[in-house]
Amino acid sequence: MSRDSTSTRMDAIREQALVARSRIDASAFGELYDFYLPRLYGFIVRRVGDRTVAEDLTAMTFERALSAVRHDGFRNDAFGGWLYRVASNAVVDHVRRGRRTIPLGVRASDGWGDDADTAGVPEPGDDAAAAAFAAALDRDVVRRALLRLPDTHRRVIVLKYFDGLELDELCGALGCSRSTLAVKLHRALRALRAVVLQESTDAA
């Protein structure tokens, strides 16, 4: 089992074994909970900026996770990635409730193993994380460039380089396959590079 505090994911084999045991063994789920709790809480609080709300959304994420792993149809291949996706959806739902309006035809869901491209759906909770990430950057030009990116590109970059998610977590959070993720990341970095170059040209 991985206990590296800098890692976003538990050892895959250990994780799968614990998920399988969680259907009948509460201590197995407890081990998953202990590992992912600080990571998911940090992930959520960076997006909502409120510790109490983050605690509530983290608890909700684990409640959904416990219910899901006890379901016969749960796919036990990337539990950590699925957790990040549930957490992302909880943040989106929270932000939308706060706005008191939900765009027609748009609804966050807790599905897993879905390769559907959700590029057209904005993720409002990521704005706070993007702003925090941009503020942490040393160069003003890169900071401005990141904030000028479309939401879909900014989200991929923030999840990978600010949240530090590994491949499976990124795929889970974005609801895509590894091949789709590679395309998303390539396009996001290319877009960031183009905006940085434009910023540099404009400043010259």
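Because only heavy atoms are used, hydrogens play no part in the values below, and waters and symmetry mates are left out as well, while side chains stay in.
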Q. What residues form a side-chain contact (heavy atoms from CB on, under 4.5 Å) with P150, not counting sequence neighbours?
A. T152, H153

**Q.** Residues that R70 engages under side-chain contact (heavy atoms from CB on, under 4.5 Å), provided they are two or more places apart
**A.** L66

Q) Do side-chain atoms of R39 reach the backbone of F35 as a donor and acceptor pair under 3.5 angstrom? A) yes

Q. Side chain to side chain donor-acceptor pair (under 3.5 Å) between Y36 and E15: does it pass, once the steps are laid out?
A. CA-CA 11 Å; Y36 281 110; E15 178 182 276; 2.4 Å; yes

Side-chain atoms of residues 51-62: list all donor-acceptor pairs with protein atoms under 3.5 Å, sequence neighbours left out, distances to 0.1 Å.
| unit_1 | atom_1 | unit_2 | atom_2 | d |
| --- | --- | --- | --- | --- |
| R51 | NH1 | Y41 | OH | 3.4 |
| T58 | OG1 | A54 | O | 2.7 |
| T61 | OG1 | L57 | O | 2.9 |

Q. Nearest heavy-atom pair of A188 and V156: which atoms, and what distance?
A. CB-CB, 4.3 Å

**Q.** Note, D163 side chain near R47 side chain (heavy atom, < 4.5 Å)
**A.** yes

Q. Should V92 and R96 count as side-chain neighbours, where that means a heavy-atom distance under 4.5 Å?
A. yes

Q) Can you tell which of T180, L165, L181 makes a side chain to side chain contact (heavy atoms under 4.5 Å, CB included) with L174? A) L181

**Q.** All pairs passing salt bridge (Lys or Arg N to Asp or Glu O under 4.0 Å) where residues 18-27 contributes a residue, at least two apart
**A.** R21-D25, R23-D72

Q. If two hydrophobic side chains count as joined below 4.5 Å and joins carry through other members, does F29 share a cluster with W82?
A. yes

Q | Residue pair R154 / L147: nearest heavy atoms and the distance that separates them | A | NH1-O, 3.4 Å

Q | Shortest non-hydrogen contact between S88 and F43, atoms and distance | A | OG-CZ, 3.3 Å

Q: Measure across R155 and A173 and return the closest heavy-atom pair with its distance rounded to 0.1 Å.
A: NH2-O, 3.5 Å

(Q) Taking the basic N atoms (NZ, or NE/NH1/NH2) and the acidic carboxylate oxygens, is any pair closer than 4.0 Å for E169 and R85? (A) no

Q | Same cluster (ILVMFWY, side-chain, under 4.5 Å), V158 and V45 | A | no

Q.
If hydrophobic clusters are built from ILVMFWY residues whose side chains come within less than 4.5 Å, do V183 and L149 share one?
A. no

**Q.** Listed partners of R178 passing side chain to side chain donor-acceptor pair (under 3.5 Å), at least two apart
**A.** D168

Q: Drop me the distance from L189's CG to K184's NZ, to the nearest 0.5 angstrom.
A: 13.5 Å

Q. Should side-chain heavy atoms under 4.5 Å link Ile, Leu, Val, Met, Phe, Trp and Tyr, which residues sit in the same cluster as I24?
A. none

Q) Going from CG on L18 to OH on Y33, what distance comes out if it is rounded to the nearest 0.5 angstrom? A) 16.0 Å

